[in-house]
Amino acid sequence: MDFYETVSGRVSVRAYRPDPVPDDVLSRILEAGRLAPSAKNYQPWKFIVVTDPAVRRALVPACRGQGFVGEAPVVICGCAIDSQVWKGMGGYWSAEAVDLAIAIEHMILAAAAEGLGTCWIGAFIEADVKKVLAIPDGVKPIALTPIGYPQKETRPRPRKPLSEIVCRDRFS
Ligand SMILES: Cc1cc2nc3c(=O)[nH]c(=O)nc-3n(C[C@H](O)[C@H](O)[C@H](O)COP(=O)(O)O)c2cc1C
């Protein structure tokens, strides 16, 4: 699929068919995440691929009752490993959320190119996700996404026009 068609065709999917994601497709999606850039190329990440139905079900309350998280055949949780994160962004910032966001978005776009649906999950209870997935201290879940074949077509959400979000040479 053409890159721009992938970008414009991606939508957040909140209803999934139970059909499994073939291993080769899942491998390509994970590879797209592996190739993502990161601050200083530290790659401070671990991606937990959840396919066990019991673990997926346990993630639902940890994701504030978002039932579709348990419906999808695969859930990926992107985690930042604190000891590997560059802490000097903008002179003072930790790059963990940016690094993980880029890698997870690579996977989300790869999934879209494969005809799969995803949905960025930021509404979760960190302590509960850590417990369900046995994530140790010093490792932070940044986001999750279910991955699976969409149950129905989803209409694209509106976006602000470029004229509102782009300015030239100076902030205005
Ligand atoms: C940081 C972040 C957190 C989000 N958390 C959730 C979430 O917990 N549950 C959900 O259904 N959608 C979540 N979304 C998806 C957004 O609601 C969605 O991307 C937005 O409404 C635009 O729709 P689209 O993805 O279909 O273009 C999140 C998106 C981002 C970027």
Side-chain angles (χ1 to χ4, degrees), residues 1-18 21 25 29-30 32-33 35-39 44-51 53 55-82 85-86 89-90 93-133 135 139-166:
M1 197 190 282
D2 168 73
F3 175 74
Y4 294 100
E5 280 174 24
T6 301
V7 170
S8 59
R10 184 219 55 83
V11 286
S12 290
V13 170
R14 297 183 179 88
Y16 294 91
R17 303 204 313 256
V21 177
V25 174
I29 293 168
L30 293 169
L35 294 176
S38 58
W45 42 51
K46 183 79 99 174
F47 303 102
I48 305 173
V49 180
V50 183
T51 52
V55 183
R56 288 193 276 117
R57 274 197 301 274
L59 281 174
V60 172
C63 294
R64 300 188 176 278
Q66 301 186 80
F68 60 90
V69 172
E71 263 176 29
V74 179
V75 180
I76 293 179
C77 177
C79 301
I81 301 170
D82 187 58
V85 174
W86 186 54
M89 208 169 62
W93 246 47
S94 168
E96 61 184 8
V98 175
D99 288 343
L100 265 292
I102 294 168
I104 295 165
E105 186 63 11
H106 269 212
M107 292 190 203
I108 281 175
L109 289 175
E114 298 280 358
L116 284 155
T118 57
C119 183
W120 188 285
I121 300 293
F124 61 85
I125 301 157
E126 182 179 320
D128 294 359
V129 168
K130 288 187 76 162
K131 195 165 172 200
V132 170
L133 300 180
I135 297 171
V139 180
K140 192 179 176 64
I142 301 291
L144 301 94
T145 180
I147 302 183
Y149 293 97
Q151 206 178 88
K152 52 181 192 243
E153 214 170 294
T154 306
R155 297 219 341 234
R157 307 270 332 267
R159 292 292 192 267
K160 295 175 182 175
L162 278 180
S163 58
E164 193 182 329
I165 62 170
V166 176

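Just follow the structure's listing: the first ligand is 1, and inside any ligand the first atom is 1.
Under 4.0 angstrom from ligand 1, the non-hydrogen atoms of C119 all belong to its side chain. At a 4.0 Å heavy-atom cut-off, ligand 1 touches R159 through the side chain alone. For R64, no heavy-atom contact with ligand 1 is shorter than 4.0 Å.
Contact check for E96 versus V98: no side-chain heavy atoms found under the 4.5 Å cut-off. Inter-residue side-chain proximity for P146 and F68 is flagged as met; some heavy-atom pair is nearer than 4.5 Å. Side-chain atoms of W120 and I108, non-hydrogen and from C-beta on, do get closer than 4.5 Å to each other.
Closest to atom 8 (O) of ligand 1, if we only count protein heavy atoms, is A123 N, 3.0 Å. The nearest protein atom to atom 6 (C) of ligand 1, hydrogens excluded, is given as W120 O, 2.9 Å; this is a heavy-atom distance. Scanning the protein for heavy atoms near atom 9 (N) of ligand 1, the closest one is Q66 OE1, 2.6 Å. Looking at atom 21 (O) of ligand 1, its nearest protein heavy atom turns out to be R157 NH1, 2.9 Å.
Across all their heavy atoms, I48 and C79 have their closest contact at CD1-SG, 3.9 Å. Smallest separation of non-hydrogen atoms from Y16 and I147: CE2-C, 4.3 Å. In plain terms, the two heavy atoms of R17 and P73 that are nearest each other are O-CD, 3.8 Å.
For ligand 1, the atoms closer than 4.0 angstrom to any heavy atom of R14 are 10 (C), 11 (O), 12 (N), 15 (C), 16 (C), 17 (O). Atoms of ligand 1 found under 4.0 Å from any heavy atom of F68, numbered from 1 in the order shown, are 11 (O). Under a 4.0 Å criterion applied to the non-hydrogen atoms of V11, ligand 1 contributes the atoms 26 (O).
The option from S12, A97, G122 that lies nearest to atom 19 (O) of ligand 1, judged by heavy atoms, is S12.
Ligand 1 has no atom lying under 4.0 Å from any heavy atom of F124. R10 counts as a contact of ligand 1, since one of its heavy atoms falls under 4.0 Å from the ligand.
Here the OG1-CD1 distance, from T145 to I29, works out to 9.5 Å after rounding to the nearest 0.5 Å.
Between the Q66 side chain and the A123 main chain, a donor and an acceptor come within less than 3.5 Å of each other.
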If you apply the rule side chain to side chain contact (heavy atoms under 4.5 Å, CB included), what do you find for V132 with V55, and how did you get there? CA-CA 7 Å; V132 170; V55 183; 4.0 Å; yes
